[in-house]
Chemist: 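Structure incoming, see below.
Each residue takes its place number in the sequence, starting with 1. Every value quoted in this text rests on a predicted model; they were computed, and no experiment measured them.
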Amino acid sequence: MIFNQSNIIEKIYIIAALITAIESYFLSFIVFVKNRSNVVNISYSIMGIFIGTWSLLLFLCQLSTVNQALFLNRWLHFNSIFIAISFYFFTLNLLKIKKYRLLIFGICCAVILGFLSVFSALLIKSMEPKFDFRLWPTPGPLYQVYLIYFSFFSYYSLFLIYKEYRLAVENRRSQLRYIFVALFIGFAGGSTNFAYFYNIHFPPIGNIFVFSYVLILAYAIIRYRLMDIRIVITRATIFVFVYSFILGIPIWIGWKILGKGLWLLPVSLMGFFATLGPSVYLYFQKRAEDRLLQEQHRYQATLRQASSGMGKIKDLKKLLNMIVYVLTHAIQIEHAIVYIYDEDLQKYVLGASKKKSGQSQFVESIDKSSPLVQYLSNNKNLTIFEEIKQKSQDYKDPQLTQIEEIIASLKGALIVPIFVDQDLTAIIVMGKKESGKVYTEDDLSVFGILANQTALAIENAQFYEDMKFTHEQLFQAEKMATIGTMADGLSHQINNRFHAMGFIAGDALDTIRLNQKELSQEQIKKILIELERAFVRVEDNVKQGGEIVQGLLKYTRKGEEGFVAVDVDAVLKSAIEMVQFKIKMSELKIVRDFDPALIPKVKGNFTQLQEVFFNLIDNGYDAMMQRKNEAQEPGFQPTLTVRVIKEDNYAHVIFQDNGMGVKDEDMHKLFTPFFTTKLSSKKGTGLGLYVIKKIVEDNHKGVVVMTSKYMQGTQMKLLLPIAIG
């Protein structure tokens, strides 16, 4: 081979071509290996291989004889043709454009032009010395067609990327900017080669900078996570280093022993295909596996997606039903059952079941002492029925025989144990696949992940249920504590009712006894009138006593009547009726600063909202009495103002008092259970504000906003969703 040592431009040109080839192969490999299923990665790797091969052939051409250079240059143009169409293919995938007619047309043209390039002189006629280069191709009669084809697909693709860049924002805009700049440099730089084809003395200096496109694109990929290849960089670097070292040995030996000759072409091709071989192997292996396991990969992806969303389900029953539904429909199995451990029964009870078609009776429970439970607890692995059956036959183990019989009674093909803190919490029984296929190792791996996610979801749901029960107990404790403080007021009111009724009854009896011996017609009429008046008074007192008891019952019940359209004014009146048994209403001025007729109803639970309003009035009263007693301000009038404002889809219910307010250092503690700012522990349990927040935000999907200034007062704003319809 001949190397023109005197021309510096040719030297730099050759070195740049080799660098571009190495960079392109390197980046294409690591992008493909990182995500072999991503069409963007695949299409970029295809384009990168064509660019790398084009650069490699460009390098070899300048080191070859005339005939060798002609052969290599024709193949070089073959790759150049497919660079253009692969660039367009990459652009479509990058921008998620689903128009493939032009792509198909371009591929057909590429095949025709590629064939003509390699097997005829219509594109490249010969190799001749030209300007600064020892050898340069002379174009054939169809070379202009190639130029039009290459320019159209290259620059049209750049136009599409630039158009998308103009509309993109944030990270996507940065990605597209670097891609556009990198590929523009690459294609524009490569285009400077065309001047020499038409005897225009404009050196192909742009080609020297083509290698920089790979560096810019690599930076974009790593910096802006275009294809997320950061992790695989190290592996790929080691791969390239090892291959370069191993394949460099025969090249070095050939150079030293054989000298300059035809050895370089086959050795170089050997190196190229040896490097490309693993990628090709992995690609076809992946394609074959994808085709064979297409259905399996589909449902495995569905299960992964479902498992990631399980933690959001707080209701245990809904969670278990979702699990069996997803399993039966995603995997297409005959049935799925979930048994959940019941601490009280000391059994695994049927939590949920799903049969793909028809009806079936499943075992209602599995004892904790069952051999299956013991086996799963000790083994802690997924259990396949056929394996247990085979082991039972091989080892003649009575325990395995019992386990086989239990799984057979459950009609199970696969048992998935669910562990929480090393305790067997649930058992998933999966039936046979409707297709008749067996459960593979990949299946077991995915089900193992599913088991871990299910364990976390079950633990989360059980914790939520326990917390819900605890909250109900706390709320009820708060009510009972409040009723205890209302005892004096309630007993006074009820005693008044009984005293009045006793007085009325005694008066009526005295009237009858005094006049029962001699009664004229006129006296009888008079007595009947007095009795009527007495019974009316008795009836009134009975009604008043009944209202007191009814109000108390409403306040103490848990509020399980559901969520309906609720009148805010009615809730406020009910809360005031109850609070009067606890506080001295004569000491407090309540201002209702709203028109009930103009206030929309809210979607809520009457009893729960009554409890919230009760607590707010009670807290406001205590704060105002504390300020009145401590501050000794002349003319101070404890005043609680209630306003209701409609804004967007919420009713803003505002309670504003002029009490003590809250110190800044206590503000962050106010909604913490058992924290109270009241002077005496007998005044409050520290649960009031905690209950208010839970009822409004968790139960009613509203918002609680509190603002307070010490020695000026407190405002509590409740944002409650307006009832629709």
Chemist: Please lay out, stage by stage, how Ile49 and Phe29 fare under the test side chain to side chain contact (heavy atoms under 4.5 Å, CB included).
Modeler: CA-CA 9 Å; Ile49 289 171; Phe29 175 76; over 6 Å; no
Chemist: Counting only pairs under 3.5 Å, give me each side-chain donor-acceptor contact of residues 84-91, with atom names and distances, residues two or more places apart or in other chains.
Modeler:
unit_1 : atom_1 : unit_2 : atom_2 : d
Ser86  : OG     : Phe82  : O      : 2.7
Ser86  : OG     : Ile83  : O      : 3.0
Thr91  : OG1    : Phe87  : O      : 2.8

Chemist: Find the distance between CD1 (Ile384) and CD1 (Ile415) and round it off to the nearest 0.5 Å.
Modeler: 10.5 Å
Chemist: Taking it one step at a time, do Met127 and Phe133 satisfy side chain to side chain contact (heavy atoms under 4.5 Å, CB included)?
Modeler: CA-CA 11 Å; Met127 298 293 291; Phe133 287 80; over 6 Å; no
Chemist: Answer yes or no: does atom CZ of Phe105 have more than 12 heavy-atom neighbours from other residues, nucleotides or ligands under 6.0 Å?
Modeler: no
Chemist: Does atom OH (Tyr198) have a neighbourhood of more than 12 heavy atoms from anything else shown, all under 6.0 Å?
Modeler: yes
Chemist: On the 0 to 90° scale, with breaks at 30° and 60°, tag the Phe71-Trp75 ring pair as parallel, tilted or perpendicular.
Modeler: perpendicular
Chemist: Less than 4.5 Å apart, any side-chain heavy atom of Leu95 and any of Leu176?
Modeler: yes
Chemist: Is Pro129 close to Arg134 at the side-chain level, that is, under 4.5 Å between some pair of heavy atoms?
Modeler: no
Chemist: Over 60° means perpendicular and under 30° means parallel, so tell me whether His201 and Tyr196 are parallel, tilted or perpendicular.
Modeler: tilted
Chemist: If you count the non-hydrogen atoms of other residues, nucleotides and ligands that lie under 6.0 Å from NZ in Lys163, is the total more than 12?
Modeler: no
Chemist: Minimum heavy-atom separation for Thr20 and Ile51, please, with both atom names.
Modeler: CG2-CG2, 4.4 Å
Chemist: Taking the side chain as C-beta and beyond, is there a heavy-atom pair between Phe180 and Glu164 under 4.5 Å?
Modeler: no
Chemist: Check whether any side-chain heavy atom of Tyr44 lies under 4.5 Å from a side-chain heavy atom of Leu27, and answer yes or no.
Modeler: yes
Chemist: A side-chain contact here means heavy atoms from C-beta on lying under 4.5 Å apart; do Tyr143 and Ile124 qualify?
Modeler: yes
Chemist: Work out which heavy atom in Glu434 is nearest to a heavy atom in Glu334; give both atom names and the distance.
Modeler: CG-N, 4.2 Å
Chemist: Rounded at 0.5 Å granularity, tell me how far CG in Leu123 sits from CD1 in Ile81.
Modeler: 5.5 Å
Chemist: Using 0.5 Å steps for rounding, measure from the CG atom of Leu414 to the NZ atom of Lys432.
Modeler: 13.0 Å
Chemist: Can you name the nearest heavy-atom pair linking Ile407 to Phe385, along with the distance?
Modeler: CG2-CD1, 3.4 Å
Chemist: Might you point out which heavy atoms bring Asn73 and Cys61 nearest each other, and give the distance in Å?
Modeler: N-SG, 3.6 Å
Chemist: Could you tell me whether the side chain of Leu102 reaches within less than 4.5 Å of the side chain of Phe152, counting heavy atoms only?
Modeler: yes
Chemist: Mind checking whether Phe153 and Tyr149 have ring centres under 6.0 Å apart?
Modeler: yes
Chemist: To the nearest 0.5 Å, how far apart are CG in Leu94 and OG in Ser43?
Modeler: 8.0 Å
Chemist: According to the interplanar angle, ranging from 0 to 90°, do the rings of Phe150 and Tyr146 count as parallel (below 30°), tilted (30 to 60°) or perpendicular (above 60°)?
Modeler: tilted
Chemist: Could you tell me the separation between the OG1 atom of Thr53 and the CG atom of Asn79, rounded to the nearest 0.5 Å?
Modeler: 5.0 Å
Chemist: Once you round to the nearest 0.5 Å, how far does NZ of Lys130 lie from CZ of Phe197?
Modeler: 8.0 Å
Chemist: Trp54 and Ser80: which non-hydrogen atoms are nearest, and at how many Å?
Modeler: CD1-CB, 3.9 Å
Chemist: Looking at Leu70 and Ser126, what are the two nearest heavy atoms and their distance?
Modeler: CD1-CA, 3.8 Å
